[in-house]
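Let me begin by presenting the structure, written as structure tokens, before commenting on it.
Computed from a prediction, not measured in an experiment: that's the story for all the values here. Starting from 1, each residue takes its place in the sequence as its number. Atoms considered below: every heavy atom in the structure, side chains included; atoms not considered: hydrogens, waters and symmetry mates.
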Amino acid sequence: MKLLSIVAEYNPFHNGHKYHLLKSLEKSHATHSMAVMSGSFLQRGEPALVDKWIRAQIAVKSGLDLVAELPFVYSCQSAEIFAYGAITTLDSLNVVDAVSFGCEDPDLNKIFQVAKILVEEPQEYKEVLKEQLKSGISYPKGRQYAVEAYLQGSGDILSNPNNILAIEYMKWLYSLKSSIKPIAIQRVHAGYHHEKSVNNYAGATYIRNQIQKTNSVKNIENLLPKETTEQLSIYEKTMIYNFLSHYYTLIVGDLLKTSKEDMKDTFDVKEGLENRILKASIGSSTMDELLDQIISKRYTKTRIKRILINQLLNHKEEYVYKVFKNPNYTPYLRVLAFNDKGKEILREIREKSNIPIITNLSKDIKSLNEIQRYAIEKDVLSTNYYYLMTNPSKLNEDYRRKPEII
């Protein structure tokens, strides 16, 4: 078996994802493939369009053999933590030959050189970064300037979201001394934030915006594989697509009962940001207004959205570092969907790795240690909050749902 892995959100699975999968299989010469996919809440600090089981089912029907969940403690965090969770999980399986990621710049050597700077943090780089942050700009911008100062011509690579994730994947492969081979696939036609479709390709942001306008995939079927349009067409007859705007009342209600001290304990709240957040909670009437009153030159909208979701789910600073950069923490593999070749992957993992494999949460949770249990309970809580806005009858679905077998 030669196993290709992909880190994804598939929100939703579109033509660009299909292209990436086919090119990755071609370049890796893999016989089997798997994805580690975000669950109910995503890296941009937003809920997924549809639930994790539907997205996993679409992915397997579209050509993957197995889809596992990237836990909430990683999925709704910065690119650094998101990538760390994905790469440590894949590395711990002891069966993955390659990991493929899409990026705007497919030059792996260039990506690796930037990743190496971020791992080793040369003194010149650190000094420039420190000065930039003193000026009040955001950390991502400061890091971009510092990389450019240290290695001229490399800073621009950090201006695109998929490049940033690619660098983080490379950074952790290098840090962990992983044997997994990286594969870069260049994005085609439409970029991540591109505001139109090009030759039947479009970024996920554009696709979600179009779905939000009409609550339907009818006008954008050309941008999606048939497996996606078929499943979403069934979904939208009885369910609503999920968006962050649905959570405004929940988030503000939670903030109104939150003290400054408690807010300060939420992950990534620094430098008095708790005051700004709590003040905005009583001066807004929509999610957009709430975010606009909090964001600044230093704090990006995406970062604020993640903070608000972390606060809603009571994910505190002290627990982040129990699952991030903790050499004593072992990830788990929560299986969402698989086919016959996926069964072969699971069999190989069981033979070569000690990672807990979760297919029946009610039973399998008993074998988890304290920190693994904390993480899986955040997955359950995030999914409950997810269904609270879309289908409350499915609360605690994590304990009832078995993986989709395609």
> Do Asp91 and Ser178 have side-chain atoms, one donor and one acceptor, less than 3.5 Å apart?
Replying inline: yes

>> For the backbone of Glu104 and the side chain of Gln186, can you confirm whether one donor and one acceptor N or O come within less than 3.5 Å of each other?
In response: yes

>> Nearest 0.5 angstrom please: Leu308 CG to Asp254 CG, how far?
In response: 9.5 Å

> Counting only heavy atoms not in Glu370, do more than 12 sit closer than 6.0 Å to its CD atom?
Replying inline: no

> How about Ser284 and Tyr248: does a side-chain donor come under 3.5 Å of a side-chain acceptor?
Replying inline: yes

>> Any donor-acceptor pair under 3.5 Å linking the side-chain atoms of Tyr241 with those of Gln212?
In response: no

> What do you reckon, are the aromatic ring centroids of His17 and His14 less than 6.0 Å apart?
Replying inline: yes

>> Checking side-chain polar atoms at under 3.5 Å, does Gln210 have a donor or acceptor matched by the opposite partner on Asn219?
In response: no

With a 3.5 Å cut-off and sequence neighbours excluded, list the donor-acceptor pairs that the side chains of residues 221-228 form with protein atoms.
| unit_1 | atom_1 | unit_2 | atom_2 | d |
| --- | --- | --- | --- | --- |
| Asn222 | ND2 | Asn200 | OD1 | 2.9 |
| Thr228 | OG1 | Phe13 | O | 2.8 |

>> Assess, by modelled atom type and distance only, whether the side chains of Ser100 and His20 contain a donor and an acceptor separated by less than 3.5 Å.
In response: yes

>> What I want to find out is whether Asp364 reaches Arg334 closely enough, with some N-O distance under 4.0 Å, to be called a salt bridge.
In response: no

> Does a side-chain N-to-carboxylate-O contact under 4.0 Å join Lys264 and Glu261?
Replying inline: yes

> What closest approach, in Å, do Arg276 and Ser296 show between heavy atoms, and which atom pair accounts for it?
Replying inline: NH2-CB, 3.9 Å

> Between Met239 and Asn391, is any pair of side-chain heavy atoms under 4.5 Å apart?
Replying inline: yes

>> Between Lys110 and Asp105, does any side-chain N to carboxylate O distance fall below 4.0 Å?
In response: yes

> Can you list the steps and then say if Tyr247 with Phe41 is a ring-ring contact (aromatic ring centres under 6.0 Å, His included)?
Replying inline: CA-CA 12 Å; Tyr247 292 82; Phe41 286 86; 5.6 Å; yes

>> Just to verify, what does Glu318 make a side-chain hydrogen bond (donor to acceptor under 3.5 Å, both in side chains) with, not counting sequence neighbours?
In response: none

> Does NZ or CZ of Lys322 fall inside the cone over Tyr319's six-membered ring, less than 6.0 Å from its centre and within 45° of the axis?
Replying inline: yes

> Roughly how far, to the nearest 0.5 Å, is the CD1 atom of Ile376 from the CG atom of Leu361?
Replying inline: 5.5 Å

> Where do Val114 and Ile157 come nearest, in terms of heavy atoms and distance?
Replying inline: CG2-CG2, 3.7 Å

> Are Glu121 and Tyr150 linked by a side-chain donor-acceptor pair shorter than 3.5 Å?
Replying inline: no

> How long is the span from the CD1 atom in Ile183 to the NZ atom in Lys27, to the nearest 0.5 Å?
Replying inline: 6.5 Å

>> If you apply the rule side chain to side chain contact (heavy atoms under 4.5 Å, CB included), what do you find for Leu25 with Ser33, and how did you get there?
In response: CA-CA 8 Å; Leu25 288 167; Ser33 62; 4.0 Å; yes

> Taking atom types as modelled and ignoring hydrogens, do the side chains of Gln77 and Asn310 form a donor-acceptor contact shorter than 3.5 angstrom?
Replying inline: yes

> With a 4.0 Å cut-off, would you call Lys130 and Glu127 a salt bridge?
Replying inline: no

> Looking only at heavy atoms, which two atoms of Leu3 and Asp97 are closest? And how far apart?
Replying inline: N-OD2, 2.7 Å

>> Using side chain to side chain contact (heavy atoms under 4.5 Å, CB included), reason through Leu66 and Val60 one step at a time and then give a plain yes or no.
In response: CA-CA 6 Å; Leu66 183 147; Val60 173; over 6 Å; no

> Thinking salt bridges, do Lys352 and Glu348 make one under a 4.0 Å N-O criterion?
Replying inline: yes

> Which heavy atom of Pro331 sits nearest a heavy atom of Pro356, and at what distance?
Replying inline: O-CD, 3.4 Å

> Can you tell me if OH on Tyr125 sees more than 12 non-hydrogen neighbours from other groups inside 6.0 Å?
Replying inline: yes

> Would the number of heavy atoms belonging to other residues, nucleotides or ligands and lying under 6.0 Å from NZ of Lys181 be above 12?
Replying inline: no

> Taking atom types as modelled and ignoring hydrogens, do the side chains of Tyr332 and Asp379 form a donor-acceptor contact shorter than 3.5 angstrom?
Replying inline: yes

>> Under 3.5 Å, is there a donor on one side chain and an acceptor on the other for Lys402 and Thr359?
In response: no

>> Is it the case that the side chain of Thr266 and the backbone of Gln311 share a donor-acceptor pair, with hydrogens and angles ignored and the cut-off at 3.5 Å?
In response: no

>> Distance alone, cut at 3.5 Å: any donor-acceptor contact between the side chains of Asn384 and Asn396?
In response: yes

>> Run the side chain to side chain contact (heavy atoms under 4.5 Å, CB included) test on Ile405 and Asn339 for me, step by step, so that the C-alpha distance in whole Å, both residues' side-chain angles and the decisive distance to 0.1 Å come before the verdict.
In response: CA-CA 6 Å; Ile405 302 175; Asn339 58 20; over 6 Å; no

> Does a side-chain heavy-atom distance below 4.5 Å link Asp292 with Ile295?
Replying inline: yes

> Does Thr383 have any side-chain hydrogen bond (donor to acceptor under 3.5 Å, both in side chains) partners at least two apart in sequence or in another chain, and if so, which?
Replying inline: Ser40, Lys52, Asp398

>> The test is side chain to side chain donor-acceptor pair (under 3.5 Å); show your working for Glu236 and Asn215 and say whether it passes.
In response: CA-CA 7 Å; Glu236 63 192 32; Asn215 203 41; over 6 Å; no

> Below 4.5 Å, heavy atoms only, C-beta onward: do Leu290 and Met287 meet side chain to side chain?
Replying inline: yes

> Looking only at side chains, do Ser75 and Ser38 share a donor and an acceptor under 3.5 Å apart?
Replying inline: no

>> Looking at every heavy atom in both Lys341 and His32, which two are closest together, and how far apart are they?
In response: O-CD2, 3.5 Å

> Listed by chain and number, what are the salt bridge (Lys or Arg N to Asp or Glu O under 4.0 Å) partners of Glu271, not counting sequence neighbours?
Replying inline: Arg298

>> For Glu9, is there an ion pair with Arg44 - N to carboxylate O distance below 4.0 angstrom?
In response: no

> Has the side chain of Asn160 got a donor or acceptor atom that lies under 3.5 Å from a matching backbone atom of Asn162?
Replying inline: no

> Taking the side chain as C-beta and beyond, is there a heavy-atom pair between Ile185 and Cys103 under 4.5 Å?
Replying inline: no

> Can His315 and Val320 be said to form a side chain to side chain contact (heavy atoms under 4.5 Å, CB included), step by step?
Replying inline: CA-CA 8 Å; His315 186 40; Val320 171; 3.5 Å; yes

>> For a 4.5 angstrom cut-off between non-hydrogen side-chain atoms, does Ile6 reach Val99?
In response: no

> Is there a donor-acceptor contact under 3.5 Å from the side chain of Thr390 to the main chain of Asn242?
Replying inline: no

> Of the options Leu250, Ile309, Val380, Leu395, which is the one that meets Tyr385 in a side chain to side chain contact (heavy atoms under 4.5 Å, CB included)?
Replying inline: Leu250

> What residues, two or more places apart in sequence or in another chain, satisfy side-chain hydrogen bond (donor to acceptor under 3.5 Å, both in side chains) together with Asn163?
Replying inline: none

>> Quick check against the 3.5 Å criterion: does Arg143 have a side-chain atom that pairs as donor or acceptor with the backbone of Leu129?
In response: no

> What residue pairs, at least two apart or across chains, pass ring pair (Phe, Tyr, Trp, His ring centres under 6.0 Å) with a residue in residues 73-109?
Replying inline: Tyr84-Trp172, Tyr84-Phe324, Phe101-Tyr169

> What is the minimum heavy-atom distance between Leu333 and Ala68, and which atoms define it?
Replying inline: CD1-CB, 3.5 Å

